[in-house]
Each structure stands twice: as structure tokens, then as C-alpha cells.
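Okay, structure first, notes after.
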Amino acid sequence: MKILVINAGSSSLKYQLIDMDGEVLLAKGLCERIGIDGKFTYKPLVEGKQKIDAVDVAMPTHAEAIQAVLDALVDPANGVVTSMDEIDAVGHRILHGGAKFTESCLVNDACIEAIRACIPLGPLHNPANLMGIEACTKCMPGKPQVAVFDTAFHMTMPPEAYIYAIPYEYYERDDVRRYGFHGTSHRYVSARCIDLLGNPAHSRIICCHLGNGSSLSACVDGKCVDTTMGLGPLAGVPMGTRCGDIDATIMEYLMGKYGYDIKTMMNILNKKSGVLGLSGVSSDFRDIEAAAQEGNKRARLALDKFYYEVRKDIGAYAAAMGGVDAIVFTAGVGENGGHDRAAICKGLEFLGVKIDPERNKVRGGENLISADDSAVKVFVIATNEELMIARDTKAIVEAL
Ligand code: ADP
């Protein structure tokens, strides 16, 4: 069974074609600047096939983008399948499933309506995700599609973790609560971690998904009990450009002082804050690290702030779970940043965390980086959200 995985944004669309027999990635790529000047990238992972790098393709809407993907996949010279019939189903990454979706589901009218109903909760992403679904329906009529939600894994949180201490009616009437994101990644790496621990009867795992966007989750026996992101993906630890948790009074203060409207304020918190806002250098951790090495004090502060907040949340989750058996690092920074991992774990010795500096030199893969005498096992586990989406899609389609 071959599954096309789609992650549709407002002006971009990432895709992968995965052969589920052996879970082999056949091709992947990206459509960018949809609705603008259309750039198309295609990377076949089959011997002898040529890649296409950011070429101009007219993509006024997501439908032309999907068509470009299909054309490339079935291209007689450089395609990886002979016809569209070989693609059995499509799996979509959907940002917000509200409290309704506790797991992935087959795309049908009810599912589309429910995703639409979540637009107020995910105003930037859900409409784009729906455009991805509509485009596939148009270009591949009748092909089964599955929706996989970023929020679903976190729906096992207990009320005290997901409720905000504001008037209860906003929860009851308006669905204001913690939802959490990166759920597909947290689900994937926590499950892999349980495997690597030898499938114990009981496990308490803290997953640190640290990339451009970052979130932590606390997982007891494979189920999420808390996570750092909230109603939206702005909450938690500081990120590339997002502020993470702040005192809401800051908004009132700055809006009053500078006459910002809420849109301007949210733009500052979403796009101009985080390690970019603190360092003034970049949102990319590699650039900030380089600047810090050259003595840039704000770059140093940005990194220290990030490490401090991640470390603090690890401590908080150990307290929430009554202990911790394993910590997992994943995503861009978590998988590649050995320095970052070491800096985060510095000071966690009291919890029984002891990093082995040699083991910590790894990048990606699935690697133990804690010392043999560390009471808490620490792993680097490369995340694979697309594979998780493809697995869910396969399971749902096979059960039809
Ligand atoms: P996204 O959230 O967009 O999926 P990624 O998970 O790809 O992001 O993470 C991107 C981040 O990973 C960037 O800030 C980048 O600097 C960081 N990163 C990549 N390689 C390294 C590295 N060797 N050391 C530290 N950070 C790295």
C-alpha cells in the first residue's frame, strides 16, 4: 500500500509518498508560494531518478499544487509510480481537532464539518489544511483520505492539566482549554521510547520536541498527561519567533503604551519574539549559537533563556508524574544540538539525569545519550510525523 502524506499550509504544501510495505520513503518535496509565483520541489528517493529543485510551476491554488505533485510522482522518466492508481490513500496533517478528535479519522462530510468547526481555534492552519483536502478530492476523486490531528494525542490530559483558571463558562461555552500541538511527533517518539525501554509495564516519559516550534509533553504509560502548548501553539517554552508563556499583563501594558491593536500585538508575540526577539540575530539556533560563540551577549541570553525554560518544564513534569524514567529529545534542535541537550540537562543531576558527553555527540537516529549510571535514561529519537500519519492512514483505510 502506498500512501501520500500531505501537510498543507496557507501558501505551502509538503508531501511524501511512502510505500507501507517496508515503510520506504519513495519521494518527498514541497510546493511553495502557492497563490504567488509557485515553486515546486520534488526529491525521488529511487535510484537513477532526477530531482526537481524549486522550479517555477503555476500554482494559483492548492489544487494545481497537488496536480504538480501527482504529475511528478507518475512522470514516466523520473516518477516513482506508474499511475495514480498505485497511490492507495492520502493522509493529511491537520493542526486543530479541538476536543472532538481523540484519534485520526476518515475524511468524510462529518469530519470536514468538524475540522471547519475548529477554525476559530486554529485560524491560520485549519483553513489551509482543508484546502489540502479539497485539492486532493478534486485531483483524486474517490481516493480515501484520512485526517491526523496535531492535538489528538494530548486529549488524554486530565482536567487539572488542560483547564485554565479563568471563569469556567469560557471552557464550557467557548472550548477555551489547553489542547497542545506536535501531538503526532510526541506520539511517535514516546512510543519509540517505550520500545527502547523494553516495553515496561509502567513508564514516565518526558518528550522534548525542540525545533522552530517547541513543546514538551509528559507521558505516563504512553498516554499524554500534560503538554506545554495551550489553546494555540504560542504557549510553553520560548521558540524561534514565538514568545512561549508570558504574563498577559505584558499585552495590556504594551497595547496601552504604544496603541497596538490585538493583531499587531499577536504578530509581535508570534513572529518577532522567542530567541529571535531576544537575540536580535536570528530564529535559527545555529546562527544564535555562532553569534553567542563570538561574544554576542543577547544571543547568549536567548540560548540561556531557552535552556532554562525547557529544564524548568522537565522538572515540572517530573513533579507532575511523581518521577521520570526517560527523557527524549527530538526535532531540529533536539536531534542535532548536542550542546543544547547538554545545556538543558545541566542541573538536572538531582533528578538522576547524567548525560554521557561522548554518546551525546550523536545526531538523529535512535540513540541513548545518558551514562550507564544515570537513573533517568535520556534518548535522542528522530521524529517521523509523516510515517505516523501514513500508519494511521493505512490502518483506517484497511479497516474500511
Ligand atoms: P520545524 O519546527 O520548522 O519543523 P525543525 O524541527 O526542522 O523545525 O527545527 C529547526 C531548528 O533546528 C532550527 O532552529 C535549526 O537551527 C535547528 N538545528 C538544526 N541543526 C542544528 C544543529 N546542528 N544544532 C542546533 N540546532 C540545529
Side-chain angles (χ1 to χ4, degrees), residues 5-16 28-30 32 41 43 93-95 122 124-125 128-129 148 150 180-189 207-217 227-229 232-244 270-294 296 299-300 302-307 309-310 328-346 355 357 360-365 367 369 380-389:
V5 177
I6 299 289
N7 181 357
S10 54
S11 67
S12 72
L13 184 153
K14 290 187 206 151
Y15 65 92
Q16 288 194 359
K28 63 176 181 176
L30 178 64
E32 290 170 288
T41 296
K43 289 185 184 147
R93 179 185 184 182
I94 311 289
L95 181 85
L124 297 180
H125 295 83
N129 300 155
V148 180
D150 253 31
F181 299 89
H182 294 137
T184 311
S185 174
H186 287 289
R187 178 155 62 108
Y188 180 83
V189 298
C207 301
C208 307
H209 177 111
L210 310 177
N212 264 322
S214 295
S215 67
L216 280 72
S217 69
T227 190
T228 54
M229 283 179 167
L234 187 58
V237 296
M239 302 170 221
T241 64
R242 287 177 239 159
C243 59
N270 272 301
K271 301 269 170 67
K272 298 184 175 167
S273 297
V275 290
L276 167 70
L278 275 183
S279 69
V281 172
S282 167
S283 63
D284 192 300
F285 276 77
R286 286 163 293 195
D287 300 340
I288 302 169
E289 183 79 50
Q293 298 257 333
E294 285 166 14
N296 183 321
R300 184 76 264 152
L303 292 174
D304 288 345
K305 173 72 178 167
F306 177 75
Y307 302 149
E309 295 296 338
V310 175
V328 181
F329 287 99
T330 194
V333 181
E335 289 170 31
N336 299 297
H339 278 308
D340 306 300
R341 295 189 296 254
I344 288 165
C345 291
K346 202 165 166 225
I355 299 290
N360 189 33
K361 286 180 178 163
V362 292
R363 281 168 162 234
N367 291 287
I369 59 164
V380 170
I381 300 179
T383 193
N384 197 339
E385 290 162 278
E386 292 79 10
L387 180 58
M388 201 80 243
I389 292 170

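First listed ligand is number 1; within each ligand, the first listed atom is number 1.
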> Considering Gly213, Gly332, Ser185, Gly211, which one's heavy-atom position lies nearest to atom 18 (N) of ligand 1?
Replying inline: Gly332
> Given Val275, Asn212, Leu276, which has its nearest heavy atom closest to atom 10 (C) of ligand 1?
Replying inline: Asn212
Atom indices of ligand 1, in the order listed, that fall short of 4.0 Å to a heavy atom of [X]:
{"X": "Phe285", "result": "14 (O), 16 (O), 26 (N)"}
{"X": "Arg363", "result": "23 (N)"}
{"X": "Ala331", "result": "6 (O)"}

> Can you find a heavy atom in the side chain of Thr227 that is under 4.5 Å from one in the side chain of Phe181?
Replying inline: no
>> Any heavy-atom pair between the side chains of Leu234 and Cys243 that's under 4.5 Å?
In response: yes
For the student: nearest non-hydrogen atoms of [X] and [Y], plus distance:
{"X": "Met239", "Y": "Gly244", "answer": "CE-CA, 4.5 Å"}
{"X": "Ser185", "Y": "Thr330", "answer": "OG-CG2, 3.9 Å"}
{"X": "Val281", "Y": "Asp287", "answer": "CG1-O, 4.1 Å"}
{"X": "Gly122", "Y": "Leu95", "answer": "CA-CD2, 4.3 Å"}

Where is the nearest protein heavy atom to [atom]: which residue, which atom, and how far?
{"atom": "atom 17 (C) of ligand 1", "value": "Val333 CG2, 3.7 Å"}
{"atom": "atom 24 (N) of ligand 1", "value": "Gly337 CA, 3.6 Å"}
{"atom": "atom 16 (O) of ligand 1", "value": "Asp284 OD1, 2.4 Å"}
{"atom": "atom 25 (C) of ligand 1", "value": "Asp340 OD2, 3.4 Å"}
{"atom": "atom 22 (C) of ligand 1", "value": "Asn336 CB, 3.4 Å"}

>> Please confirm whether His339 approaches ligand 1 to less than 4.0 Å, judged on its heavy atoms.
In response: no
> Using 30° and 60° as the class limits, which term best fits the ring planes of His209 and His186: parallel, tilted or perpendicular?
Replying inline: tilted
> So which of Val380, Ile355, Val333, Leu210 actually passes side chain to side chain contact (heavy atoms under 4.5 Å, CB included) with Arg341?
Replying inline: Val380
> For atom 8 (O) of ligand 1, is the nearest protein heavy atom closer than 4.0 Å?
Replying inline: yes
